[in-house]
Amino acid sequence: MIEIEARLDELEALGLRRRMRLISGPQGPHVVLDGKPVLLLCSNNYLGLADHPRVRSAAARAATRWGVGSGASRLVSGTMTVHRRLEERLAAFKRRDTALLFGSGYLANCGVIAALARPGDVVFSDELNHASIIDGCRLSRAEVFVYDHADVEHLEWGLERAGGRAALIVTDGVFSMDGDVAPLLDIVELAREHDVRVMVDDAHGTGTLGPGGRGAAAAAGIEDEVDVLMGTLGKALGSYGAFVACDGTMARYLVNAARTFIFSTALPPPAVAAAAAALDLLETSPERVSKLARNAHVLRAALAAEGFDVESSGTQIVPLVVGEPELAMRMCEAALARGVFAQAIRPPTVPAGTSRLRLAVMSTHRPGELRSAARLLGQAARAAGFDPRARAAGAGAGLTGAHTGARDEARAAPVRAA
Ligand SMILES: Cc1ncc(COP(=O)(O)O)c(C=O)c1O
């Protein structure tokens, strides 16, 4: 049996114990955190839609019209017109035949991966993929080949050794803790060559990248070459839930095989209607997407001027990698004391030795406040005992190590030739 108190003490000693912070009021560029006004620099409300008046009132109207709950899973009596309409809108947005809503991105990844791979198959997964992908791989009970981050040569090496057992390549579109974009063109090419399916988790690219914010796959021009495109409704689209866009056969299969779709209550109508209203806003005012990109550029440039190494990120997610968890926590607190909230991210979310502040830009930030946040983060780093210039110049500022040990597992059990 787990000794719970002892385990909590151990996490505390390792600098890895987690606690929740409390925000009063809606999500926005400025919030009151634990009673103190701060600039919010770690929310995935990238386009400012979670607190947009039109999105809020769409949710309120939906609650009045359809009620607050769907009452059952999709295959029992939970499929309502509001779900069907949003699925049609999302399919059109992603330029695919069909879209299927899931309760969350976590559920979508677990359900889809476990439906597409079985014991005896091999799933190929980037070492920095999100935890929900890792858990989907585990649920599938397939063999998992964890390839080095964004390393298509390593992926190819594994594919060549998998024989006929390769079932699926799965990757984040935009890596959630690093802000870099997967080499999707190369991945799709390898998949074609080796006759293996591809799934892209575009939780952080949906609404932020590509033409009209259609995502990382659209930016790479490969939307219809990906078998399953996953997107979330809880990040740029400001609501809650997720979807997969795919062809009709895949959708019919997932309705029958994805256990997290089958055995979970359908999304509540207000969340669905809010996502639809957010999609309207995205389609009618795509300048939100370019404003986000401009803001991200402003922040990265200002951080670089402070000496931070921000070169690996090309998106609205900007990691400041500091190394050890205690240092990341000290820097987070020093930034908070200066009015900037950027949460510290530690293992197992990121590999050991790469604890960081994960900054997330919103289109609703003002460029001036992003510049001043960069200055305050520079001060916070120095106050915490971290010299960004020394780190940027030295080795090891980039990505090293394994995500929850996944890389080591793969090394220990390489794919065998079939
Ligand atoms: C890349 C990625 N995939 C999936 C998820 C899970 O999505 P959700 O929060 O909707 O469960 C997240 C959430 O942070 C994510 O970053």
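Numbering of ligands and ligand atoms starts at 1, following listing order. The model shown is predicted, which means the values in this text are computed figures rather than measured ones. Positions are given from 1 along the sequence.
- For the pair F102 and T260, the minimum side-chain heavy-atom distance is below 4.5 Å.
- Remark: F341 engages no residue in a ring pair (Phe, Tyr, Trp, His ring centres under 6.0 Å) (not counting sequence neighbours).
- Between F145 and F124, the ring planes are tilted. Angles from 30° to 60° get that label.
- Listed by chain and number, the residues in a side chain to side chain contact (heavy atoms under 4.5 Å, CB included) with L22 are D34 (sequence neighbours excluded).
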Practice item. Please test E369 against H30 for side chain to side chain donor-acceptor pair (under 3.5 Å), starting from the C-alpha separation and ending with a verdict. Key: CA-CA 10 Å; E369 62 196 9; H30 303 268; 3.0 Å; yes
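- Sorted by chain then number, the residues whose non-hydrogen atoms approach ligand 1 to under 4.0 Å are S104, G105, Y106, N109, H130, S132, D172, S176, D201, A203, H204, M230, T232, K235.
- Under the side chain to side chain contact (heavy atoms under 4.5 Å, CB included) criterion, T79 pairs with R74, R84, not counting sequence neighbours.
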